[in-house]
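Report on the following structure.
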Number of protein chains: 2
Amino acid sequence: MARTAGSHSDITGPRVRDAALRLFARHGYAAVSMRQIAAEVGVQAGALYNYTADKQSLLFELMRNHMLDLLTALPDTRGGAPLTRLETFVRFHIAFHHERPDAVFIAYMELRNLTPDNFAEIERLRRQYEDALEKVLRDGVATSSFQLADTKISTLALIAMLTGITTWFRSEGRLSLQDVQDQYWSMVRKSVGC
Amino acid sequence: MARTAGSHSDITGPRVRDAALRLFARHGYAAVSMRQIAAEVGVQAGALYNYTADKQSLLFELMRNHMLDLLTALPDTRGGAPLTRLETFVRFHIAFHHERPDAVFIAYMELRNLTPDNFAEIERLRRQYEDALEKVLRDGVATSSFQLADTKISTLALIAMLTGITTWFRSEGRLSLQDVQDQYWSMVRKSVGC
DNA sequence: TGAATAACTGAACGCCCGTTCAAAACCAAG
DNA sequence: CTTGGTTTTGAACGGGCGTTCAGTTATTCA
């Protein structure tokens, strides 16, 4: 056997995924060709198929890895007070999404370009994330820390609000990440209260 | 001169725009071909060019008309109390967007497929809409009706939250439009308060 | 160094793309 | 019923698409 270490595939593979991530985020899955991705990597189009079964798998893997990263990084807040757990969630969501704008963009924009099976899997992971937030809200309602008529709606409302940040927030702007976290946490805290 | 009334163009034109709106919303601008749009209308691809200069113009006109409709329909709330004006805005936003999910979807998803000039124009209109909300928030802060550290951020946060509704709300579900309006208004009202 | 395997090239496959345009079909007015 | 403008067809243009694969190059192990 030859070439198990030092092989180019260890380098080219990540580069393919990086290029695809950036190009899909910038121009959209349907508008990006395999040849464009290959050119970005500095390789011919055929070589991409050493690293992905097809274009669809490339998109799906990017989205799935993003969701798995998200679920793995999500802090376990069991045991704390609902208000504290909610604050942890809000600050985590903002910081995590801020660090990977391209992956976030793809995860929210390219759902319709997934095959039905792949879509179902991504939706399953997304629901896990939503459930984590909803559990906090339900616990808060149960202990009268929060006043919410429908925790499912509130979950979706808060996530939409927080995720919207990625469309405009850039670190170079007038606001720091901390500023944004503080501002949003202030609004979220009030919105779930009495 | 012949064929000024009863001409097919009065019928085909709107049908082209309807088909494009639906297909763009469903599959994305880049993934939809002129031949698909033509097939939906029941015509050959070449005939579309009697109604649009090119595919880009078709997208731009759809987005621009949506934004103009939005700005036209936006209730003039000058003179009322900030809290009342905010409620009017929230309920209007939810109802208006609920009535045209395809146009909303396109307006938020296809920005990157616009040419720079067209993008600038849509952004200009979008900013007008945001400014209408921000004015309400600023007036509310000025009169101490609202407690908000940064009305620009709050504007973006609220619009993101409200617009997110279109991704899940369908009239056939367990909640009526009125339910959703009430729920969101409750959260918004609290989030801007003390 | 030679053999084996991994990585990549370059060309080809069949297909679809946006757009153009001469010719045909259609329709209402005179 | 002719006329003349409107609308549509159908074919063509050049080009790009995702994917495959035989052949070439590069790298490591024995």
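Naming: A, B, ... by sequence-line order, numbering from 1 per chain. All values below were derived from every heavy atom in this structure, side-chain atoms included, with hydrogens, water molecules and symmetry-related copies excluded.
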### Query
In terms of the nearest nucleotide of DNA chain D, which residue is placed more toward the 5' end: A/Ala47 or A/Gln36?
A/Gln36
### Query
Which nucleotide in the list C/dT9, D/dT8, D/dT9 gets nearest to the side chain of B/Asn50?
D/dT8
### Query
Which nucleotide in the set D/dT19, D/dG10, C/dC8 lies at the smallest distance from any side-chain heavy atom of B/Gln44?
D/dG10
### Query
Using a cut-off of less than 4.0 Å, is there contact between a side-chain N or O of A/Thr12 and OP1 or OP2 of C/dA7?
no
### Query
For D/dC21, does OP1 or OP2 lie under 4.0 Å from any side-chain N or O of A/Tyr49?
no
In whole Å, I'd like the distance from the [atom1] atom of [X] to the [atom2] atom of [N].
X: B/Gln56; N: C/dC17; atom1: CD; atom2: P; result: 18 Å
X: B/Asp54; N: C/dT20; atom1: CG; atom2: P; result: 8 Å
X: A/Leu48; N: C/dC8; atom1: CG; atom2: C1'; result: 11 Å
X: A/Ile37; N: D/dG16; atom1: CD1; atom2: P; result: 17 Å
X: B/Tyr51; N: D/dT6; atom1: OH; atom2: P; result: 12 Å
X: B/Lys55; N: C/dT19; atom1: NZ; atom2: P; result: 8 Å

Kindly write out the residues that satisfy salt bridge (charged side-chain N to carboxylate O under 4.0 Å, His left out) with [X], not counting sequence neighbours, or none if the list is empty.
X: A/Arg170; answer: none
X: B/Arg112; answer: A/Glu110
X: A/Lys55; answer: none

### Query
Can the ring centres of A/Phe169 and A/Tyr184 be said to be less than 6.0 Å apart?
no
### Message
Looking at B/Arg126 and B/Glu123, is any side-chain nitrogen of the basic one under 4.0 Å from a carboxylate oxygen of the acidic one?
### Response
yes
### Task
Please work out which residues in residues 18-35 of chain B have a non-hydrogen atom less than 4.0 Å from an atom of DNA chain C and list them by number.
B/Val32, B/Ser33, B/Met34, B/Arg35
Would you give me the side-chain donor-acceptor pairs under 3.5 Å for residues 97-107 of chain B, sequence neighbours excluded?
from     : atom 1 : to       : atom 2 : distance (Å)
B/His97  : ND1    : B/His93  : O      : 2.9
B/His98  : NE2    : B/Ser171 : OG     : 2.7
B/Arg100 : NH1    : B/Phe96  : O      : 3.1

#### Entry: Partner residues of B/Gln56 under the side-chain hydrogen bond (donor to acceptor under 3.5 Å, both in side chains) criterion, sequence neighbours left out
B/Asn118
